[in-house]
There are 2 protein chains.
Amino acid sequence: MSSLDSTQPKIGLRERKKQQTRETIARAALRMFALRGYDETTLAEIAEAAEVAPRTIFAYFDSKEDILFSEESEYLNELKRMLDERAAGTTTVDALREFVGCMKSPDEDDKLRKKVIMANPALQMKMRARHAQLEPMLGESIARDLGTDADDIRALLIAASMTAAFESVSDQFFQAESGGEPVTHEHAMAILDQVLDFLRGGLEAMQRG
Amino acid sequence: MSSLDSTQPKIGLRERKKQQTRETIARAALRMFALRGYDETTLAEIAEAAEVAPRTIFAYFDSKEDILFSEESEYLNELKRMLDERAAGTTTVDALREFVGCMKSPDEDDKLRKKVIMANPALQMKMRARHAQLEPMLGESIARDLGTDADDIRALLIAASMTAAFESVSDQFFQAESGGEPVTHEHAMAILDQVLDFLRGGLEAMQRG
DNA sequence: TAGCAACTTTGCAGGCGCTGCATTTATATA
DNA sequence: TATATAAATGCAGCGCCTGCAAAGTTGCTA
């Protein structure tokens with residue numbers, strides 16, 4: 001171990017270059033999607049703009065779609081991690097609250113991505129499909145909280161409501177850019193708490209019913 | 001009007017043949033998907049089995065995916081129609097209740113379709129995406145009931161909950177085949193009513209909160 | 001019933017996304 | 001510097017999908 005001292009070349013030139021190439025491709029693609037449309041941009045053109053061979057793109061992304069969505073998907077993975085590794089005693093709802101609390105507001109690229117997606121119905125559908133992955137994830141986590149199966153109607157309802165709340169919050173984060181008032185974390189939390197009231201009341205009513 | 005009497009050749013041979021061809025293609029495709037897998041079945045093979053030219057398939061279906069999903073989509077269209085044309089005074093919830101009440105249990109082809117979809121993660125995602133279309137539809141309808149915007153959190157929550165309920169019911173309709181007890185309309189209605197209790201209680205709690 | 005108009009089916013050429021495989025080029029290590 | 005490892009590329013090819021024009025059907029009417 002004496003060989004690795006103060007300087008830490010742990011992440012060699014290789015890794016750095018890879019990271020850089022990946023980002024170059026993603027940025028080039030995003031720019032072109034925004035400028036000319038998703039369908040109108042070919043992988044060959046992206047490759048040219050990123051100064052790589054078309055074949056190389058597939059060393060970094062699974063598909064054209066993935067170039068656009070992979071970054072956003074990181075988000076979901078992070079949430080998944082938080083749900084899996086949450087401390088004993090904390091609930092799914094707590095984890096989601098914490099997650100929303102830590103959400104960063106969208107940067108320029110996020111906005112561009114959203115713009116590209118919103119300009120293309122097929123992409124909107126694909127985005128929905130990705131977001132929909134959230135629901136079974138939450139449902140499972142909630143079922144654990146409740147000590148029931150994942151197909152328990154209560155778990156499903158809670159998961160669906162929380163997903164809706166989450167979607168609503170992220171939508172508003174974006175819509176805020178285009179004219180609306182700025183959406184703060186407090187605002188997001190307020191919505192989340194409304195949803196919590198809704199859930200509490202709903203579950204109690206089910207118990208009684 | 002004297003010319004069109006008892007016999008009604010309204011639907012000519014042409015229309016009938018078209019309908020028949022469409023069905024032939026759909027059935028051939030479904031059989032092959034079930035037998036060999038969706039990805040493993042090419043359009044050329046489907047065309048051969050259906051005894052049409054490959055190019056002809058696209059006269060009837062928008063895409064390979066559409067061959068599998070178009071029939072199921074009819075379902076959603078019907079629901080949409082019911083929501084749009086529902087009598088004044090009846091709510092979205094009423095319309096959904098009626099719809100679930102009229103749902104026919106799945107036939108052999110429905111089951112085969114489900115099997116094909118469940119065997120392929122990508123298809124499952126696409127199915128989710130299609131079902132997700134239901135939610136904004138319901139949301140809009142509910143917002144009308146409530147006299148609010150479609151992005152009102154209450155409308156979103158109700159829509160999400162109802163969608164979850166609907167999904168749960170149709171899932172159970174299918175799962176019932178594979179070992180579980182048969183799921184009756186009464187059972188479905190019971191779930192729906194539970195969800196209604198949940199909604200009522202939740203909305204009241206939000207009001208108070 | 002012959003012939004015309006409208007419609008359906010088909011073939012052809014080609015674009016695009018994506019993949020496997022082999023080769024070349026660049027980086028890391030001994 | 002030589003060698004092992006890994007990334008980038010080129011190439012050939014499959015499969016989905018499209019536009020377009022030709023060929024084949026069907027339905028109506030003179």
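To find a chain, count down the sequence lines: A is the first, B the second, and so on, and within it residues start at 1.
- Atom CZ in F61(A) sits about 15 Å away from atom P in dG17(C), given to the nearest Å.
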Q.
Test ring-ring contact (aromatic ring centres under 6.0 Å, His included) on Y75(A) and F99(A); report intermediate values, then the result.
A. CA-CA 10 Å; Y75(A) 233 73; F99(A) 186 79; 5.6 Å; yes

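- A salt bridge is defined here as a Lys NZ or Arg NE, NH1 or NH2 lying under 4.0 Å from an Asp or Glu carboxylate O, and K111(A) with E108(A) meets this definition.
- Among the protein residues, D66(A) comes within range of no part of the nucleic acid, since none of its heavy atoms lies under 4.0 Å from any strand.
- Close to dA7(D), at under 4.0 Å from its OP1 or OP2, lies no side-chain N or O of Y60(A).
- Tested against E72(B) for a side chain to side chain donor-acceptor pair (under 3.5 Å), the candidates R113(B), R130(B), H131(B), K114(B) yield a single pass: H131(B).
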Q.
Working note: T92(B) + R86(B), criterion side chain to side chain contact (heavy atoms under 4.5 Å, CB included); need CA distance, chi angles, decisive distance, verdict.
A. CA-CA 8 Å; T92(B) 304; R86(B) 69 176 198 269; 3.8 Å; yes

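- Atom-to-atom, CD of Q19(B) to C1' of dT8(C) comes out at 15 Å; the value is rounded to the nearest Å.
- The list of side-chain hydrogen bond (donor to acceptor under 3.5 Å, both in side chains) pairs with a residue in residues 47-58 of chain B, not counting sequence neighbours, is empty.
- Residues of residues 114-125 of chain B that place a heavy atom closer than 4.0 Å to DNA chain C do not occur.
- The closest side-chain donor-acceptor pair between T91(B) and D94(B) falls under 3.5 angstrom.
- Each end of the helix from dT1(C)-dA30(D) to dA30(C)-dT1(D) gets its own rotation axis from five pairs of C1' atoms, and the angle between them is 0° to the nearest 10 degrees.
- Within residues 25-40 of chain A, no residue has any heavy atom under 4.0 Å from DNA chain D.
- Closest approach of F166(B) to L134(B), counting heavy atoms only: CD2-CD2, 3.5 Å.
- Following rounding to the nearest Å, R16(B) (CZ) and dT26(D) (P) show an atom-to-atom distance of 12 Å.
- I57(A) places its CD1 atom 12 Å from the C1' atom of dT9(D), with the value rounded to the nearest Å.
- Counting all heavy atoms, side chain and backbone alike, R97(A) lies closest to L196(A) at CD-CD1, 4.3 Å.
- Under a cut-off of 6.0 angstrom, the local environment of CD in E167(A) is crowded, with over 12 non-hydrogen atoms contributed by other residues, nucleotides or ligands.
- The heavy-atom pair separating S63(A) from F58(A) by the smallest distance is CA-CE2, 4.4 Å.
- To the nearest angstrom, P of dA26(C) lies 16 Å from CD of Q20(A).
- In terms of heavy-atom proximity, R27(A) sits nearest to D109(A) at NH1-OD2, 3.4 Å.
- Heavy-atom neighbours of E45(A) CD from other residues, nucleotides or ligands within 6.0 Å: above the threshold of 12.
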Q) Given F69(B) and L123(B), is the side chain to side chain contact (heavy atoms under 4.5 Å, CB included) satisfied, shown in steps? A) CA-CA 10 Å; F69(B) 285 122; L123(B) 285 179; 4.2 Å; yes

**Q.** Step-by-step side chain to side chain contact (heavy atoms under 4.5 Å, CB included) determination, I117(B) to K126(B)
**A.** CA-CA 9 Å; I117(B) 294 168; K126(B) 285 174 182 178; over 6 Å; no

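- Going from atom CZ of R22(A) over to atom P of dA6(D) covers 19 Å, rounded to whole Å.
- Across residues 42-55 of chain A, V52(A), A53(A), R55(A) each have a non-hydrogen atom less than 4.0 Å from an atom of DNA chain D (numbered order).
- The two residues L83(B) and S141(B) come nearest to each other via the heavy atoms CD2-OG, 3.9 Å.
- Atom CD in E15(A) sits about 11 Å away from atom P in dA8(D), given to the nearest Å.
- Between the CZ atom of F58(A) and the P atom of dC11(D) there is a distance of 17 Å, rounded to whole Å.
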Name the pairs: protein N/O against N/O of nucleotides 22-25 of chain D, kept only if under 3.5 Å.
from	atom 1	to	atom 2	distance (Å)
dT25(D)	O2	R14(B)	NH2	3.4

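- For the pair A155(B) and G139(B), the tightest heavy-atom approach, listed with the atom from each and the gap, is CB-O, 4.0 Å.
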